[in-house]
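Encoded as structure tokens, the structure appears first; notes follow it.
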Protein chains: 4
Amino acid sequence: MPREVRERQMLDAAVQVFARRGYRPASMDEIAELAGASKPLVYLYLNSKEELFSACVRREADALVRAVRDAVDPDSPAERRLWDGLRGFFAHTAAHPDGWAVLHCQARTHGEPFALEVAAVRQKLVDIVTHLIAETAAEGSCGAPLAGHEASGLANALVGAAEALAGWSNARTDEAPSATERARTLMNFAWAGLENLTNGRRWAPARP
Amino acid sequence: MPREVRERQMLDAAVQVFARRGYRPASMDEIAELAGASKPLVYLYLNSKEELFSACVRREADALVRAVRDAVDPDSPAERRLWDGLRGFFAHTAAHPDGWAVLHCQARTHGEPFALEVAAVRQKLVDIVTHLIAETAAEGSCGAPLAGHEASGLANALVGAAEALAGWSNARTDEAPSATERARTLMNFAWAGLENLTNGRRWAPARP
Amino acid sequence: MPREVRERQMLDAAVQVFARRGYRPASMDEIAELAGASKPLVYLYLNSKEELFSACVRREADALVRAVRDAVDPDSPAERRLWDGLRGFFAHTAAHPDGWAVLHCQARTHGEPFALEVAAVRQKLVDIVTHLIAETAAEGSCGAPLAGHEASGLANALVGAAEALAGWSNARTDEAPSATERARTLMNFAWAGLENLTNGRRWAPARP
Amino acid sequence: MPREVRERQMLDAAVQVFARRGYRPASMDEIAELAGASKPLVYLYLNSKEELFSACVRREADALVRAVRDAVDPDSPAERRLWDGLRGFFAHTAAHPDGWAVLHCQARTHGEPFALEVAAVRQKLVDIVTHLIAETAAEGSCGAPLAGHEASGLANALVGAAEALAGWSNARTDEAPSATERARTLMNFAWAGLENLTNGRRWAPARP
DNA sequence: TATGAATGAGCCTTCATTCAT
DNA sequence: GATGAATGAAGGCTCATTCAT
């Protein structure tokens with residue numbers, strides 16, 4: 001069996017085991033067995049548990065970013081791009097729950113090397129959204145323009161909301177909502193606020 | 001030294017170690033040493049690593065829920081309650097980063113027993129928000145009432161956004177925003193959308 | 001069982017196993033079993049295979065140097081001191097063949113950390129002999145005094161001869177010579193030459 | 001590439017790796033790579049790690065014995081033969097430090113199969129010297145002839161001294177002495193004693 | 001109450017060795 | 001003749017956990 005195929009099988013198995021068990025409890029034995037190969041072969045191809053995990057993270061992260069990018073037509077208006085991007089995001093995370101679990105639940109909690117890698121990927125998503133928000137704001141008749149870190153904060157909140165929604169929806173066993181439904185929920189939740197900011201309307205606590 | 005005090009020291013140490021190392025890499029040796037007690041004593045009081053972790057999760061989760069509840073005056077209007085609750089949430093998570101890390105980063109990633117417990121706690125927060133949203137919707141002249149799962153989805157998204165914002169803000173080393181600023185960002189982000197829903201206005205994709 | 005006792009048992013077992021098998025093939029399992037303890041206990045007390053080996057080397061080396069030093073009366077003349085030192089050396093190496101094997105055969109061949117340690121110990125012996133030779137030379141009516149490196153070379157040769165004799169004698173199964181016999185052989189072999197040097201007589205190849 | 005050449009390359013590589021790493025840490029991978037061949041080929045030609053090591057030992061040992069034999073003219077007097085043999089020995093060990101390291105440092109420390117083989121080779125050298133000593137003794141007007149084991153002991157001591165001197169000289173980084181200088185040091189050290197024995201003069205401890 | 005002493009079990013990793021081509 | 005692909009076996013090390021005192 002050619003190396004390329006074997007390697008993909010190994011990564012598939014690893015993603016699955018890492019997602020289900022977590023990094024530490026995942027044993028190389030289990031991964032190798034699930035991949036249908038012997039442990040030394042796994043080491044021959046992927047060198048160590050750490051590198052194996054890294055490879056999983058990179059693969060899943062790249063796939064996610066690509067899925068979101070591919071879902072968006074860069075020439076459509078901001079609202080549409082957000083809507084398409086979210087659908088792409090939810091569709092991909094729903095289709096690859098293990099990969100998503102590795103990124104969202106495991107990689108962020110296990111030491112510098114992985115956390116940094118995942119943070120970098122997450123940042124790509126946040127950047128996409130940040131640009132989108134900034135651009136939306138610029139389009140509008142915005143009185144006071146958004147400060148950079150304000151846009152970042154909003155983007156983080158939006159991505160966080162999406163992540164939470166993805167996690168929650170994936171975890172549901174009873175009639176999980178479709179990717180489109182998830183995206184609609186989030187647009188309902190977030191778009192009005194963004195639009196307000198676009199027009200310079202900020203929320204402020206009512207003076208008692 | 002009275003048992004109560006010792007036990008709290010142990011939990012303090014455990015929360016710290018679990019937060020910094022993660023569940024598996026955290027060793028009972030390190031926890032015992034940090035707590036200034038011998039290992040058998042830790043076992044005498046807390047039975048096992050699993051139960052110790054559970055106890056940490058319960059304690060931190062209860063503290064967080066209490067902090068949010070205490071920040072809210074149940075007689076104030078919904079908007080105010082959300083604003084106050086968020087400030088309480090952000091203030092507490094900023095003040096207890098280790099506890100928050102245990103809840104948010106560690107507990108959810110480690111197998112059935114803990115994940116369920118954490119999920120249960122998170123659900124308390126989500127429930128608070130769900131009620132708040134549902135009630136808000138009921139107050140308004142809402143044409144079509146929110147379906148239950150729709151409110152849940154929104155609440156999850158809101159809590160997710162708050163969690164993401166908390167994590168992101170805690171991680172910032174340069175001038176992290178204050179709890180109030182965090183809360184304002186989130187209100188800006190979320191309140192307009194909730195208000196729209198209150199009034200029966202839903203977002204829908206533009207028909208091209 | 002008190003720690004001190006256990007630790008000595010472990011070192012005894014380790015010396016034996018290292019001597020018989022060599023450093024790498026020696027397994028911690030075998031050492032632990034021979035010591036009558038479990039493997040984790042060996043690690044608790046001695047940290048790692050490397051440190052365990054180091055501890056063996058140090059203990060055996062110190063014992064050997066002490067045995068030689070104790071055998072010699074510093075106030076006796078050089079000839080006597082050499083004779084006594086050699087007897088002490090052969091007696092000790094014959095009484096502790098495993099320790100001697102660890103020093104002579106194993107430690108020198110296994111990487112920097114050990115080799116350096118053993119080299120240091122061997123140097124102590126060589127130094128003793130070097131001083132003795134230099135002093136002998138000084139006493140005599142020596143025409144041309146010995147250069148420093150010449151004395152070192154001689155001392156190394158003498159120690160090497162002793163080591164070889166120890167190894168060879170220990171390996172003999174048929175009537176191995178006593179320590180005194182070994183020492184006499186070496187004195188026969190070496191003393192005349194040293195005495196010659198003392199008196200400025202050097203060997204030179206016959207001009208053909 | 002003809003088998004003979006390949007095989008020599010493999011042995012060259014093996015000697016180098018065994019000398020630098022030691023028997024166990026030396027990996028067949030490294031040897032194969034250094035030899036510029038694939039691992040299965042190494043196995044095809046040399047069957048196993050053990051046999052490969054044996055082959056190295058045999059080759060290096062034969063070369064050393066041959067070097068010593070070739071350096072000696074069997075018709076010259078004993079003194080001259082010893083002098084020539086030593087020069088041959090030191091010249092060869094200095095010219096082939098890896099081979100010498102395999103013989104002296106590695107082979108003796110690794111279990112029955114190798115140790116025996118090396119011991120056999122060493123015995124060849126010792127035998128040469130033993131004969132030489134015995135013959136020297138016979139030539140002289142020796143009162144009491146040397147007992148066989150006495151000659152063996154002396155020969156072992158002499159070879160040991162030579163080995164130690166070779167190791168020490170090879171290890172020196174500052175102006176290592178030439179082979180001739182090494183040989184002279186050893187003759188200075190040993191010849192007078194042998195000559196004495198030749199003439200029936202034995203060393204004996206001074207009666208106090 | 002409190003602890004020094006001790007261990008069974010398991011995991012990552014490596015290596016000599018062999019097929020199928 | 002030569003090799004990419006593959007593995008059984010074993011070793012170092014760590015950890016949660018428990019007695020005996």
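Order of the sequence lines fixes the chain letters, A, B, ..., with proteins taken first and strands second; residue numbering starts at 1 for each chain.
Whole-Å rounding puts the C:Lys39 NZ to F:dA10 P distance at 13 Å. The nearest whole Å value for the distance from the CD atom in C:Glu50 to the C1' atom in F:dC13 is 14 Å. Atom CZ in A:Arg6 sits about 6 Å away from atom P in F:dT7, given to the nearest Å. Taking atom CE of residue C:Met10 and atom P of nucleotide E:dT7, one finds them 8 Å apart after rounding to whole Å. With rounding to whole Å, C:Glu33 atom CD is found 14 Å from F:dG12 atom P. B:Lys49 places its NZ atom 4 Å from the P atom of F:dA16, with the value rounded to the nearest Å. As rounded to whole Å, 15 Å separates atom C1' of F:dT3 from atom CZ of A:Arg3. We find that CD of A:Glu30 is positioned 15 Å from C1' of E:dC12, with the value rounded to whole Å.
Backbone-only contact: C:Ala26 has heavy atoms under 4.0 Å from sugar-phosphate atoms and none from a base.
Residues D:Asp98 and D:Phe18 have side chains not in contact (no heavy-atom distance under 4.5 Å, counting atoms from C-beta outward). Side-chain atoms of D:Val102 and D:Phe53, non-hydrogen and from C-beta on, do get closer than 4.5 Å to each other. Looking at B:Ser54 and B:Glu50, their side chains never come closer than 4.5 Å, going by heavy atoms from C-beta outward.
Looking only at distances, a side-chain donor or acceptor of A:Arg6 sits under 3.5 Å from a matching main-chain atom of A:Gly36. Although no hydrogens or angles enter the test, the distance criterion places a donor-acceptor pair under 3.5 Å between the side chain of B:Lys49 and the main chain of B:Arg24.
Across all strands shown, the partner of E:dA9 is F:dT14, judged by Watson-Crick or G-U wobble contacts whose two distances both fall under 3.5 Å. F:dT3 and E:dA20 make up a base pair, with Watson-Crick or G-U wobble contacts both under 3.5 Å.
In this structure, D:Tyr45 does not reach the F:dG1 phosphate: none of its side-chain N or O atoms is under 4.0 Å from OP1 or OP2.
For B:Tyr43, counting side-chain heavy atoms from C-beta on, the closest listed nucleotide (F:dT17, E:dC19, E:dT3) is F:dT17. In this structure, of F:dT7, F:dC15, E:dG4, it is F:dT7 that holds the atom nearest to the side chain of A:Ser38. Comparing F:dT7, E:dT7, F:dA16 by their nearest atom to the side chain of A:Ala37 picks out F:dT7.
Taking the nucleotide of DNA chain F with the nearest heavy atom to each of B:Asn47 and A:Gly36, the more 5' of the two is matched to A:Gly36. Remark on DNA chain E: of its neighbouring residues D:Ser27 and B:Leu41, the 5'-side contact belongs to B:Leu41, judged by nearest-heavy-atom nucleotide.
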